[in-house]
Amino acid sequence: RICNKAKVLKYNIGQAISKTDYISSNLLVIVEGESRLIGEINGNNDSLVKLGQGSIIGLSSILNGQPCENVIASQELKAISIPDECFLEAYKNNNDFSSYCNSKLLPADIFLISKILIERSPRIDINTVAAFSVVAKFAKIFDIKSGEKAKIKNDLFTIVLSNNIENKKVGDQINSNDLISFNGNFQGRVVSIPIKLRDEFNLINNKKENNDSNIEKSNLKPEIIEEI
């Protein structure tokens, strides 16, 4: 069921659909056409991924409590605009929808994680698109309930993704036995990646190889297609 306040919007090629300077009061569901998620780090803009029919724009920003979606129409595009009050009603009353929101990492989430890791890294050779691809492969939502103490495996690096966790900011590390409490209407969002991947961003290499690891050495540099 679609909120009776929903409306269909049309965007032209190159038009901004979502920006990172504010959280929109509406979610957009693409019904026709394509857009691109743009990743901006240190003044550089990279096209990260196509967003097509069925993609929800604005969801990451609302769930995380901070604007994190820079999206531009790459074709003429139509989208259903849904007011955030309707979204909140669905989140509270539809268990399937709230479960989806609480368990799904969206493309803008992947970029937010990548940006945190890149901006904290001493490396200057990390390619944003390559980092986005690697993080998308390994990042997972860390399942924890409000009022619980975190229990984190030794091989995981766990950080805060949303602004509704008491005494924590987006990007803060969660350690074992940290007491986690959520504020507001939404479940707090915490994400984990393998420590080995975090170390690669930080140029920390273990001398001892672990042959049992299922994590291949990730390439955070751009792929060379042709030598000039």
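For the numbers below, each heavy atom of this structure counts, side chains included, while hydrogens, waters and symmetry mates do not.
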Asks: Say whether N202 and E200, considering side chains only, have a donor N or O and an acceptor N or O under 3.5 Å apart.
Replies: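 There is no such pair between these side chains.
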
Asks: Output yes when a side-chain donor or acceptor of N94 lies under 3.5 Å from a complementary backbone atom of A90, and no otherwise.
Replies: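 Checking the backbone N and O of A90 against the side chain of N94, no donor-acceptor pair under 3.5 Å is found.
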
Asks: Report yes or no: do E69 and S61 form a side-chain donor-acceptor pair below 3.5 Å?
Replies: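 Checked: E69/S61 side chains pair up, N/O donor to acceptor below 3.5 Å.
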
Asks: Are K104 and D109 close enough for a salt bridge, meaning some N to O gap below 4.0 Å?
Replies: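 Judged by the 4.0 Å cut-off on N to carboxylate O distance, K104 and D109 do not form a salt bridge.
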
Asks: Salt bridge or not for D21 and K19, using N-O below 4.0 Å?
Replies: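 Salt bridge flag = no for K19 with D21.
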
Asks: Same cluster or not: V135 versus F132, using hydrophobic residues (I, L, V, M, F, W, Y) connected whenever any side-chain heavy atoms lie under 4.5 Å apart?
Replies: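 V135 clusters together with F132.
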
Asks: Give me the atom names and distance for the closest heavy-atom approach of T158 to S192.
Replies: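 Reported closest heavy-atom pair: OG1-CB, 3.9 Å.
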
Asks: Determine whether I38 and I72 satisfy the following criterion, side-chain contact (heavy atoms from CB on, under 4.5 Å), listing intermediate values before the conclusion.
Replies: CA-CA 7 Å; I38 306 299; I72 296 175; 4.0 Å; yes

Asks: Between K10 and E76, is the side-chain contact (heavy atoms from CB on, under 4.5 Å) condition met? List the steps.
Replies: CA-CA 7 Å; K10 181 180 178 180; E76 285 195 356; 3.9 Å; yes

Asks: Please find the pair of heavy atoms, one from G171 and one from I159, that lie closest to each other, and give the distance.
Replies: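 Closest heavy-atom pair between G171 and I159: O-CG2, 3.9 Å.
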
Asks: Does the ring center of F97 lie less than 6.0 Å from the ring center of Y91?
Replies: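 Between Y91 and F97, which both carry aromatic rings, the centre distance is not below 6.0 Å.
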
Asks: Quick check: closest heavy atoms across S162 and R189, and the distance to 0.1 Å?
Replies: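 Between these two residues, the closest heavy atoms are OG-N, 2.8 Å.
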
Asks: Decide yes or no on side-chain contact (heavy atoms from CB on, under 4.5 Å) for I80 and I82, but give the supporting numbers first.
Replies: CA-CA 6 Å; I80 298 173; I82 303 172; 4.0 Å; yes

Asks: Just by distance, no angles: are the side chains of S47 and R36 close enough, under 3.5 Å, to form a donor-acceptor pair?
Replies: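 Yes, side-chain donor-acceptor contact under 3.5 Å.
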
Asks: Using the rule that two of Ile, Leu, Val, Met, Phe, Trp, Tyr join whenever any of their side-chain heavy atoms come within less than 4.5 Å, decide whether I17 and I30 are in one cluster.
Replies: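 Same cluster: I17 reaches I30 through Ile, Leu, Val, Met, Phe, Trp or Tyr contacts under 4.5 Å.
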
Asks: In this structure, which one of I174, D178, V190 forms a side-chain contact (heavy atoms from CB on, under 4.5 Å) with I152?
Replies: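 Only match with I152 under side-chain contact (heavy atoms from CB on, under 4.5 Å): I174.
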
Asks: Check whether I144 and I141 end up in the same hydrophobic cluster, where Ile, Leu, Val, Met, Phe, Trp and Tyr are linked by side-chain heavy atoms less than 4.5 Å apart.
Replies: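 Each belongs to a different hydrophobic cluster.
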
Asks: Looking only at non-hydrogen atoms, find the nearest pair between N127 and A130 and report the distance.
Replies: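 Smallest interatomic distance, heavy atoms only, reads OD1-N, 2.8 Å.
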
Asks: Before you tell me yes or no, could you show the steps for E40 and T20 under side-chain contact (heavy atoms from CB on, under 4.5 Å), namely the whole-Å CA-CA distance, both residues' side-chain angles and the distance that decides it to 0.1 Å?
Replies: CA-CA 10 Å; E40 188 278 321; T20 55; over 6 Å; no

Asks: Could you report the tightest heavy-atom contact between S121 and I126, atom names first, then the distance?
Replies: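 Residues S121 and I126, closest heavy atoms: OG-CD1, 3.6 Å.
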
